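Below, chains carry the letters A, B, ... as their sequence lines are ordered, and counting in each starts from 1. When reading the values below, keep in mind they use all heavy atoms of this one structure, side chains included, and skip hydrogens, waters and symmetry mates. Keep in mind that this is a model prediction, so the values were computed, not measured.
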2 protein chains.
Amino acid sequence: MGDVARIAGVSPSTVSLYLRRPDEVSEQRGQRIRAAVDRLGYLPNTMAGGLASSRSRIIGVLVPTISNSFFAATLDTLEKRLREAGYQLLIGNTEFDEAREEELVRSMMSWSPAGLVMTGFRHGRRTVSMLLDSDIPLVEMWDYGQPALDMVAGFSHYATGQLIARHLLERGYRDTAFISPRFSRDVRAGERYRGFREGIEQGRGRVTMRELSGATDTAEAGTLLSELMAERPSISAVFCANDMVALGVMFECQRRGWEIPERLAVAGFGNLEFTPNTVPPLTTVEPPKYEIGQQVAELLLARLGKSGEAEAHQVDLGVHLITREST
Amino acid sequence: MGDVARIAGVSPSTVSLYLRRPDEVSEQRGQRIRAAVDRLGYLPNTMAGGLASSRSRIIGVLVPTISNSFFAATLDTLEKRLREAGYQLLIGNTEFDEAREEELVRSMMSWSPAGLVMTGFRHGRRTVSMLLDSDIPLVEMWDYGQPALDMVAGFSHYATGQLIARHLLERGYRDTAFISPRFSRDVRAGERYRGFREGIEQGRGRVTMRELSGATDTAEAGTLLSELMAERPSISAVFCANDMVALGVMFECQRRGWEIPERLAVAGFGNLEFTPNTVPPLTTVEPPKYEIGQQVAELLLARLGKSGEAEAHQVDLGVHLITREST
DNA sequence: TTGAAAGCGCTAACAT
DNA sequence: ATGTTAGCGCTTTCAA
């Protein structure tokens with residue numbers, strides 16, 4: 001930057017000012033500075049800037065795993081939106097592990113990030129106290145309805161479960177099942193189950209639940225379905241914790257010649273790209289996966305703008321039931 | 001850090017040394033420092049450290065979109081592996097846009113990253129010269145066989161296309177089709193097409209190609225298939241640019257009552273989670289999506305270790321043909 | 001093994 | 001609108 005200043009014939013602080021707020025520098029010098037920057041291919045040193053101003057243009061984001069298509073979609077819009085505003089994403093996988101989450105929060109904090117984004121409400125005790133001690137804007141995403149540390153953008157998985165329960169009851173299904181990845185690998189699937197079970201039971205129905213041995217696995221979903229139907233042939237509808245599980249269930253039905261929805265109704269969660277196109281088209285619930293990214297960015301940017309107002313914002317983005325022929 | 005030093009009764013530079021290389025500090029002072037760190041909940045300021053040492057523990061990663069499941073899988077292992085080594089990932093979406101890529105490279109460079117990871121070999125002219133001017137270790141991933149800027153971890157999409165061509169020819173399919181997302185949205189699908197077409201034509205076969213209007217869309221894939229088969233009913237096999245497209249094609253066959261592989265053989269690319277489980281199970285090619293992440297990390301860490309040796313490493317991780325009943 | 005001193009490249013008062 | 005001055009919180013010689 002010194003070089004740029006020398007070549008442009010101005011002082012370093014003028015260059016710095018020009019780079020940050022160009023309109024506070026005279027047109028004439030602005031041009032000279034721009035020319036010098038181009039000539040030297042000057043790139044500012046972000047770390048020096050961050051150190052001097054004691055704030056950075058970094059947003060730390062923690063997700064269980066990047067490769068979960070829901071979070072990946074959210075990250076996509078979040079990155080886009082924040083990049084437009086001049087921020088960059090430091091991403092970490094917690095792998096469903098509170099210790100790793102704590103370690104990640106610690107290392108993100110050491111960057112003095114402008115903001116932090118975390119998935120869900122479950123955090124370790126020490127993580128929570130680090131978060132509360134700092135005054136870094138925080139958004140918890142992909143959930144709603146439980147006590148939050150700061151801002152929230154998500155929806156209620158409990159209500160989602162209830163929504164499907166109501167739908168199945170309306171269509172006359174009472175003897176139902178729920179097939180899910182292991183709850184320890186997907187806490188929010190557990191919440192959907194709770195809502196679903198309570199909804200069905202309030203309607204005098206019954207729910208049989210099966211957890212896969214780990215994360216989503218279409219083959220294992222098919223196996224579990226077969227076992228379930230052998231044990232309890234009266235089951236007439238199954239709510240799958242996500243559309244991938246539902247796909248596995250539908251493949252199994254196809255192999256066994258079980259008509260959907262006549263022999264067995266199937267519902268999912270996610271409205272993935274292929275979901276409208278299955279045979280028959282799958283009834284599902286659409287989560288606001290892109291909107292969450294958008295909303296998280298907006299909450300953060302709003303807070304970063306007017307630094308004073310410490311208004312805690314919590315946004316429930318809701319879900320949509322998409323009724324198709326599988327129920 | 002001054003506070004820590006005061007409480008521990010040592011100098012700041014001893015604290016700094018202890019934090020970086022604990023075994024060069026006496027056990028006694030080490031203990032005192034550790035106690036002080038705990039008591040104060042001290043978190044080092046990474047930016048100050050980075051500025052002083054003029055290097056950071058950041059690896060910049062550029063992908064077309066995070067939400068592509070192939071890249072997401074790679075990012076997952078890459079993040080895990082690099083986090084274990086004490087690095088963090090700064091992730092950017094290029095959105096298939098060279099201008100955005102350039103802008104991202106520029107802002108990543110301003111962090112003095114320890115390394116950079118990019119997807120594929122196509123970069124803008126100015127991006128290339130920035131990359132070459134800097135001496136930041138660079139890995140280009142997810143492709144192989146073209147001139148690279150530095151290190152490479154990937155596989156040949158051209159060879160992948162040829163592999164499937166050979167397989168289909170062996171099974172007696174000569175009149176074939178290729179259905180793909182728009183090549184401008186997936187350059188590597190275009191490479192697979194090139195390999196496939198040349199392979200089939202060398203075997204005296206024929207390929208009819210159809211591009212979707214944008215990214216992967218199972219519904220549109222079905223529509224394209226119908227049109228294709230109406231125009232040219234003699235087609236007996238279709239190679240889909242990825243397994244999602246193949247899923248759309250299979251749904252369409254199911255709706256129309258076309259037996260797979262009797263009426264139409266189907267092959268895909270990706271070996272996604274559901275692929276072994278379709279009806280019938282789908283023949284596909286398995287790309288080393290996790291291995292790429294692993295290998296990128298290893299190349300980077302090797303280079304970061306022995307800083308002197310500027311050995312350019314290029315790794316072809318290859319693919320596996322997985323033959324199932326759909327062909 | 002430890003400490004003192006200098007400085008990494010910028011920003012932020014402040015004075016002009 | 002521009003320049004001067006003093007740090008930001010560390011790491012890194014270098015000397016002890």
Side-chain angles (χ1 to χ4, degrees), chain A residues 1-34 36-37 40-58 86 106-114 134-136 304 307, chain B residues 1-34 36-37 40-58 86 88 106-114 134-136 307:
Chain A
M1 187 153 132
D3 296 340
V4 174
R6 203 169 314 115
I7 291 191
V10 299
S11 79
S13 58
T14 305
V15 175
S16 170
L17 185 61
Y18 174 76
L19 259 21
R20 284 171 295 120
R21 281 170 270 143
D23 31 280
E24 290 183 24
V25 169
S26 71
E27 178 54 34
Q28 187 212 17
R29 305 203 181 203
Q31 257 167 10
R32 298 214 311 265
I33 294 172
R34 215 176 310 132
V37 165
L40 272 67
Y42 168 74
L43 277 183
N45 180 326
T46 318
M47 292 200 287
L51 178 60
S53 65
S54 67
R55 59 202 149 70
S56 78
R57 287 271 190 187
I58 277 193
R106 198 182 299 282
S107 59
M108 302 227 145
M109 296 260 247
S110 74
W111 285 100
S112 338
S134 82
D135 53 352
I136 297 172
L304 292 171
S307 50
Chain B
M1 187 153 131
D3 296 340
V4 174
R6 204 168 313 115
I7 291 189
V10 300
S11 79
S13 55
T14 305
V15 175
S16 170
L17 185 61
Y18 174 77
L19 259 22
R20 284 171 297 118
R21 280 170 272 142
D23 31 279
E24 291 184 24
V25 169
S26 70
E27 179 53 35
Q28 187 211 16
R29 306 204 181 202
Q31 259 167 8
R32 297 213 313 263
I33 293 172
R34 216 176 309 133
V37 165
L40 272 69
Y42 168 75
L43 277 181
N45 179 327
T46 318
M47 293 202 287
L51 177 60
S53 64
S54 66
R55 57 200 150 71
S56 77
R57 287 279 199 175
I58 277 192
Q88 289 192 274
R106 197 181 300 282
S107 58
M108 302 226 143
M109 297 261 248
S110 74
W111 285 100
S112 337
S134 82
D135 53 353
I136 297 171
S307 50

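Pairing each heavy atom of A:Ser110 with each of B:Pro44, the nearest pair is CB-O, 3.2 Å. When all heavy atoms of A:Ser112 and B:Met47 are compared, the closest pair comes out as OG-CE, 3.9 Å. Here the shortest heavy-atom pairing between A:Trp111 and B:Ser56 reads CH2-CB, 4.2 Å.
Checked options A:Thr14, A:Leu19, A:Leu40, A:Val10; the residue passing with A:Val4 is A:Leu40 (criterion: side-chain contact (heavy atoms from CB on, under 4.5 Å)).
One interatomic measurement links the two molecules: CD of A:Glu24 to C1' of D:dA1, which rounds to 9 Å at whole-angstrom precision. When the C1' atom of D:dT2 is taken as reference, atom CD of A:Glu27 falls 16 Å away, rounded to whole Å.
Atoms CE and OG1, from A:Met109 and B:Thr46 in turn, are 11.5 Å apart once rounded to the nearest 0.5 Å. Of the inter-residue distances, the one linking B:Arg32 atom CZ with B:Ser26 atom OG reads 7.5 Å to the nearest 0.5 angstrom. Once rounded to the nearest 0.5 Å, the distance linking CE of A:Met1 with CG of A:Leu43 reads 13.5 Å.
Each of B:Gln28 and B:Ser54 has a nearest nucleotide on DNA chain C; the 5'-most of these lies closest to B:Gln28.
Boundaries of the chain A contact region on DNA chain C are C:dG9 to C:dA12, first to last in 5' to 3' order (nucleotide atom under 4.0 Å from a heavy atom).
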Reading 5' to 3' through nucleotides 10-16 of chain D, protein heavy-atom contacts under 4.0 Å coded B for base, S for sugar-phosphate only, - for none: BBB----

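At the phosphate of D:dG3, OP1 or OP2 sits under 4.0 Å from a side-chain N or O atom of A:Thr14.
Looking at B:Arg20 and B:Ser16, their side chains do bring a donor and an acceptor atom within 3.5 Å of each other.
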